[in-house]
4 protein chains.
Amino acid sequence: MNSVVLVGRLTKDPELRYIPGTGRPVATFSIAVNRAFVNKEGKREADFFNIVVWGKPGENCANYLSKGRLVSVRGSIQNRSYETQTGERRYITEIVADRVEFLESKGRSESASPAGNDFEKSFEPVGLDSEGFQALDDDDIPF
Amino acid sequence: MNSVVLVGRLTKDPELRYIPGTGRPVATFSIAVNRAFVNKEGKREADFFNIVVWGKPGENCANYLSKGRLVSVRGSIQNRSYETQTGERRYITEIVADRVEFLESKGRSESASPAGNDFEKSFEPVGLDSEGFQALDDDDIPF
Amino acid sequence: MNSVVLVGRLTKDPELRYIPGTGRPVATFSIAVNRAFVNKEGKREADFFNIVVWGKPGENCANYLSKGRLVSVRGSIQNRSYETQTGERRYITEIVADRVEFLESKGRSESASPAGNDFEKSFEPVGLDSEGFQALDDDDIPF
Amino acid sequence: MNSVVLVGRLTKDPELRYIPGTGRPVATFSIAVNRAFVNKEGKREADFFNIVVWGKPGENCANYLSKGRLVSVRGSIQNRSYETQTGERRYITEIVADRVEFLESKGRSESASPAGNDFEKSFEPVGLDSEGFQALDDDDIPF
DNA sequence: TTTT
DNA sequence: TTTT
């Protein structure tokens with residue numbers, strides 16, 4: 001069992017890529033999660049996590065999220081290692097999300113929200129579940 | 001966001017049903033989850049939860065789990081209400097699982113394990129995730 | 001193991017009580033948690049959960065939260081049963097929270113926020129952890 | 001909000017240290033968590049996580065856990081960075097646990113269990129919660 | 001009994 | 001209604 005829930009804000013706009021060959025979409029972004037406690041100096045620190053979202057939900061993240069937005073994310077923590085040019089093994093930790101929820105409507109943002117955005121009509125918090133995940137009715141998700 | 005993780009033991013063998021019309025499988029069982037703390041009398045109490053597992057993973061639960069087995073379960077808590085014969089509204093809480101892992105090999109059990117069972121070959125803890133995860137069609141819940 | 005995380009909005013203002021004898025504070029409130037999926041009719045349903053917060057964090061909830069506020073809650077699901085006047089056993093499910101975070105500053109609220117409120121100075125999301133909970137002293141980590 | 005639950009097996013015996021100055025105990029160990037899914041080659045991979053447990057629960061882990069034991073862990077993911085001798089910044093991810101439960105009695109283990117161990121008398125799964133953590137006094141719940 |  |  002490996003289950004994580006995080007609530008935090010995007011540190012940048014998401015990036016969207018498509019896997020060569022399969023064309024499978026994958027979005028990546030990073031969120032800042034404030035710690036529950038202030039440290040000795042009385043300051044609230046944050047941890048930063050790399051989030052990976054596969055498939056249609058990844059595309060939704062790329063389309064509707066941007067730097068600063070508050071989200072909740074559920075997924076699994078995964079470790080990957082890779083080799084550096086100098087032959088060292090380096091480890092990186094990612095959250096592979098199976099659920100991302102947008103906790104603020106774009107309307108709240110200072111930046112104007114795009115016209116004709118159906119998403120604006122739905123109430124918050126709004127859920128986006130992982131493909132393969134069977135939605136209640138995958139095809140009536142309107143965004 | 002609504003995410004729960006429980007670890008506990010089945011209080012009975014699972015029950016498997018098929019939704020009339022769609023034929024969709026759904027398993028139900030109950031687990032006992034020991035509390036983290038002993039109470040004032042020094043006894044460890046337990047909470048009991050009803051688990052619902054849709055689709056193929058539900059069938060796997062019905063085939064490989066039995067009373068007493070230790071499992072971990074991830075899912076969402078859901079409330080349903082129904083009307084009693086006397087017209088009262090009654091509330092019930094269920095865990096709709098999207099992941100069930102078997103934390104003991106059947107081999108540990110006293111009961112013989114079925115021959116030709118692929119499952120036996122995998123190491124523990126073993127995960128069964130929801131392929132084609134099926135959402136809830138609230139009103140075809142048969143129990 | 002019994003761990004739940006919920007994100008939702010208060011359906012009413014919290015209630016605060018003090019246990020007779022010990023004087024221990026306990027806050028209770030209910031939150032609405034939107035489901036990740038829309039149902040067959042295309043509507044987003046919600047589940048409603050009763051939250052219980054003991055101690056100083058309970059007092060903080062009572063002081064800083066109100067109907068409509070967005071919170072994240074971590075805790076354990078617990079079942080209690082009681083006897084009705086007619087002698088029936090009735091079951092109720094509660095979330096005993098060990099962490100409650102306020103996901104909106106009061107400033108966003110339409111209601112004026114109280115003057116001289118230290119809490120206002122902290123950034124969101126803000127964490128309130130269970131009394132006695134041990135914070136991390138980052139720099140005495142020895143490894 | 002930052003909450004993780006893992007179930008896995010210790011890859012080594014835990015290490016216990018005491019913070020110079022304060023004398024605060026801290027245990028560290030690593031667990032292997034099997035992935036829910038097999039990979040393309042049909043093999044079940046695992047992720048490895050470093051677990052940190054402060055205080056009395058850390059001492060309990062050091063006393064009662066050993067390589068190979070199955071545990072469930074709840075906590076927060078935290079990132080730390082440090083500087084290498086060559087002046088590079090390196091990042092490491094840890095799970096700071098606030099709850100560790102032993103999912104197997106020592107009795108099941110091949111290694112003899114220590115005599116006079118109260119812990120042996122309790123049933124599994126057994127909970128160890130964070131010091132200072134407040135237990136529930138069931139019968140002074142006023143609602 | 002319910003929030004946005 | 002409950003498991004170990």
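To find a chain, count down the sequence lines: A is the first, B the second, and so on, and within it residues start at 1. Nothing here was measured: the structure is a model prediction, and the numbers come from that model.
Not counting sequence neighbours, the partners of Ser81(C) by the side chain to side chain donor-acceptor pair (under 3.5 Å) test are Arg89(C). Thr11(C) is linked by a side chain to side chain donor-acceptor pair (under 3.5 Å) to Ser30(C), counting only residues two or more places apart in sequence or in another chain.
Counting to the nearest Å, the P atom of dT1(E) and the CD1 atom of Ile51(C) are 18 Å from each other. The distance between atom CZ of Arg89(B) and atom C1' of dT2(E), rounded to the nearest whole Å, is 14 Å. Taking atom CG of residue Asp47(C) and atom C1' of nucleotide dT2(E), one finds them 12 Å apart after rounding to whole Å. Atom pair Glu45(C):CD and dT2(E):P shows a separation of 13 Å (rounding to whole Å applied). Separating the CZ atom of Phe49(B) from the P atom of dT2(F) is a distance of 15 Å, rounded to the nearest angstrom. Between the P atom of dT3(E) and the CD1 atom of Ile95(C) lies a distance of 19 Å, rounded to the nearest Å. Regarding Glu104(A), its CD atom lies at a distance of 16 Å from the P atom of dT4(E), rounded to whole Å. Computed from coordinates, the Leu10(C) CG to dT3(E) C1' distance equals 8 Å when rounded to whole Å.
Evaluation of atom-type donor-acceptor distances gives a pair under 3.5 Å for the side chain of Lys12(C) against the base of dT1(E).
Counting only N and O atoms by type, the side chains of Asn50(B) and Glu94(B) include no donor and acceptor under 3.5 Å apart.
Of the candidates dT2(F), dT1(E), dT3(E), dT1(E) carries the atom nearest the Asn50(C) side chain, counting heavy atoms from C-beta on. Among the nucleotides dT3(E), dT1(F), dT4(F), the one closest to the side chain of Arg9(B) is dT4(F). Among the nucleotides dT3(F), dT3(E), dT2(E), the one closest to the side chain of Asn34(C) is dT3(E).
Across all strands shown, Phe29(B) has no heavy atoms under 4.0 Å from either base or sugar-phosphate atoms.
Note that the CZ atom of Phe29(A) and the CZ atom of Arg9(A) stand 13.5 Å from one another [nearest 0.5 Å].
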